[in-house]
Amino acid sequence: NKKISIAIDGPAAAGKSTVAKIVAGKLGYVYVDTGAMYRAITYKILKMKIDIKEESLLRQLLSETNIELKPATNGQIILLDGKDVTNEIREAEVTNTVSSIAALGIVREEMVLRQQQMGQDGGIVMDGRDIGTHVLPHAELKIFLLASVEIRAQRRHLENVQKGFPSDLVKLKEEIALRDKQDTEREISPLRKAENAVEIDTSNLSIDEVADEILALAMERM
Ligand code: C5P
């Protein structure tokens, strides 16, 4: 079997990472959560109170920043300069700032380069917003996951409640919609379905059904 590349894109909270993890696990592929990379750099910028208008500072920060994605039993651990920030990068402040940081050309250039290096040998499942359109334009399989903002907010809400995290459904819906708007309307590699991507509406599908559909499409391309 040929080792292919699988790109999974779509709006916030569409279940991309959950499904991508399952698919990568079943195929024995590497899973790369590119959103986690943007979140990690956002976390560092917030923590260090970097003024993003200072281009040279931002460039230097990027060149000095090490982000590692390490496989773990329940998914992936994110190391920022060697420190585990897996939970910190999911906090509200990061979530609500990440789209404005991810819109910066300097930031995207660097992250895309790193992602392309990770993906160069194939055998990879990468999820994000611009994977099929920019990061892995030659991926053998491109998926675009969709679900209404109501359904996505409800799923995220349930997830939070189950984890015992505070959660406000109305606020979640607003935040998801705003992030989608920012990601879709930004100038540099906005969120778009790649021309040759397979669209999957997950509204009425379970996680396993979505994963199985992607696995079947992957088998056809190996
Ligand atoms: O996937 P996740 O929701 O964790 O991504 C967080 C944010 O990172 C997105 O809302 C988007 O602004 C940015 N992102 C991006 N390009 C990617 C992945 C994520 O701009 N490939």
Side-chain angles (χ1 to χ4, degrees), residues 5-21 23-24 30-46 52 58 62 65 67 69 75-78 80 85-119 124-137 139 142-147 149 151-153 155-157 159-160 163 165 172-194 197 202 210:
S5 298
I6 303 175
I8 302 181
D9 291 298
K16 299 184 295 294
S17 65
T18 309
V19 162
K21 258 179 246 170
V23 171
V30 174
Y31 163 56
V32 176
D33 176 355
T34 64
M37 297 172 71
Y38 289 99
R39 286 172 180 272
I41 194 66
T42 300
Y43 173 77
K44 187 163 174 177
I45 287 169
L46 287 168
I52 55 167
L58 188 57
L62 280 163
T65 299
I67 300 169
L69 308 174
Q76 203 154 61
I77 287 175
I78 319 301
L80 172 65
V85 294
T86 313
N87 296 325
E88 287 84 344
I89 62 166
R90 304 287 157 195
E91 283 168 6
E93 196 189 6
V94 173
T95 301
N96 296 327
T97 313
V98 61
S99 289
S100 55
I101 301 297
L104 302 171
I106 303 176
V107 173
R108 298 207 73 79
E109 245 169 64
E110 178 64 27
M111 293 299 138
V112 169
L113 210 68
R114 294 186 192 191
Q115 290 153 10
Q116 287 174 335
Q117 280 164 0
M118 294 174 181
I124 198 158
V125 182
M126 199 176 278
D127 82 332
R129 303 292 187 287
D130 61 339
I131 311 306
T133 53
H134 287 91
V135 180
L136 303 174
K142 298 180 185 178
I143 301 290
F144 197 78
L145 287 189
L146 277 176
V149 66
I151 287 185
R152 288 183 281 131
R155 286 179 184 161
R156 189 51 58 90
H157 180 61
E159 212 178 283
N160 287 342
K163 286 182 189 162
F165 294 164
L172 261 179
K173 201 175 130 182
E174 282 169 8
E175 284 169 359
I176 289 173
L178 176 63
R179 205 139 60 87
D180 287 350
K181 182 174 156 61
Q182 288 178 297
D183 293 341
T184 311
E185 292 180 357
R186 72 172 174 235
E187 240 167 87
I188 309 166
S189 43
L191 169 64
R192 288 270 184 289
K193 173 182 172 291
T202 73
V210 179

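Numbering of ligands and ligand atoms starts at 1, following listing order. Computed from a prediction, not measured in an experiment: that's the story for all the values here.
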Side chains of Leu80 and Ile89, heavy atoms from C-beta outward: is any pair under 4.5 Å? no
Of the options Asp9, Asp33, Asp183, Asp180, which is the one that meets Arg129 in a salt bridge (Lys or Arg N to Asp or Glu O under 4.0 Å)? Asp183
Just checking, any donor-acceptor pair under 3.5 angstrom between side chains of Thr95 and Arg39? yes
Hey, which residues fall under 4.0 Å of ligand 1 on heavy atoms? Thr34, Gly35, Tyr38, Arg39, Arg90, Val98, Ser99, Ala102, Arg108, Gly128, Arg129, Asp130, Ile131, Arg179, Asp183, Arg186
Is Leu62 close to Val107 at the side-chain level, that is, under 4.5 Å between some pair of heavy atoms? yes
Output all residues satisfying side-chain contact (heavy atoms from CB on, under 4.5 Å) with Lys193, sequence neighbours left out; order by chain, then residue number. Phe144, Ala197, Glu199
Would a 4.5 Å heavy-atom cut-off, applied to side chains only, mark Thr97 and Leu46 as touching? yes
